[in-house]
Amino acid sequence: MADWNMEIDEEKQRAYLTLSGDLGVDGHAEAADACERAAERLEEGFDLINDMRTLKPSGEEAMRETERGKRALAKGGMAAAVRVVSESTTGQMRFDRAGEGAESYAVAKAESVDEAEKLLDKRRQEA
C-alpha cells in the first residue's frame, strides 16, 4: 500500500515525513505540498526526518515532484535532513539524485527513526 504522512513537532522545530510504497506522481506531489506547508510553519533552521524504508522506486515525473519538495524545504530554511534509508537501492538512488543541486542543507542517512533523532539532536548540541 502506498502512503505518505507529515507530522510537525513545533517544539523541536522538526518535521517527520514518512513515504511508503509506490506513491506515483500524485503521492509525491501531495508529499511535496506537505513539505511546502512544513517549511512555512517551522522557523529557519528546522530539521527533517524522512522515513523512506519501504518507499518503492518512482518514475521521473514523480521525482520532479520530490525535487519540488526538496527545493521548498531548502528555500524555507531547513538546516538538516536525515533519511531513514530505503530497502530499494534503486529507489534510494533516484530519491537522492532528485533535486541534488537544491540541497543547501546537511543530509545524513540512518537505519532507523531513533538513530535519525539522535543524529539531529547531537548536531544541534554541537552547533
Where do [X] and [Y] come nearest, in terms of heavy atoms and distance?
X     : Y     : result
Ala39 : Gly76 : CB-CA, 3.9 Å
Val25 : Ala62 : CG2-N, 3.8 Å
Ala79 : Gly45 : CB-O, 3.5 Å
Ala15 : Ala38 : CB-CB, 4.4 Å

Using 0.5 Å steps for rounding, measure from the [atom1] atom of [X] to the [atom2] atom of [Y].
X     : Y     : atom1 : atom2 : value
His28 : Asp33 : NE2   : CG    : 13.0 Å
Lys12 : Leu42 : NZ    : CG    : 13.0 Å
Glu40 : Cys35 : CD    : SG    : 11.5 Å
Arg83 : Leu19 : CZ    : CG    : 10.5 Å
Ser20 : Met52 : OG    : CE    : 11.0 Å

May I have all residue pairs that pass salt bridge (Lys or Arg N to Asp or Glu O under 4.0 Å) and include part of residues 18-30, sequence neighbours excluded?
none
Say whether, by atom type as modelled, one donor and one acceptor occur between the side chain of Gln13 and the main chain of Glu43 under 3.5 angstrom.
yes
Can you name the salt bridge (charged side-chain N to carboxylate O under 4.0 Å, His left out) partners of [X], sequence neighbours left out?
X      : answer
Glu36  : Arg68
Asp121 : Arg14
Arg37  : none

State which residues pass side chain to side chain donor-acceptor pair (under 3.5 Å) with [X]; sequence neighbours excluded, sorted by chain then number.
X      : value
Arg124 : Asp47
Glu10  : Arg41
Asp3   : none
Glu115 : none

Look at Glu67 together with Arg71 and state whether they make a salt bridge at an N to O cut-off of under 4.0 Å.
yes
Full working for side chain to side chain contact (heavy atoms under 4.5 Å, CB included) between Asn5 and Leu17
CA-CA 6 Å; Asn5 182 52; Leu17 176 62; over 6 Å; no
Among residues at least two apart in sequence or on other chains, which ones pass side chain to side chain contact (heavy atoms under 4.5 Å, CB included) with Ala81?
Leu48, Met78, Tyr105
Student check: side-chain heavy atoms of Trp4 and Met6 closer than 4.5 Å:
yes
Is Val82 close to Asn50 at the side-chain level, that is, under 4.5 Å between some pair of heavy atoms?
no
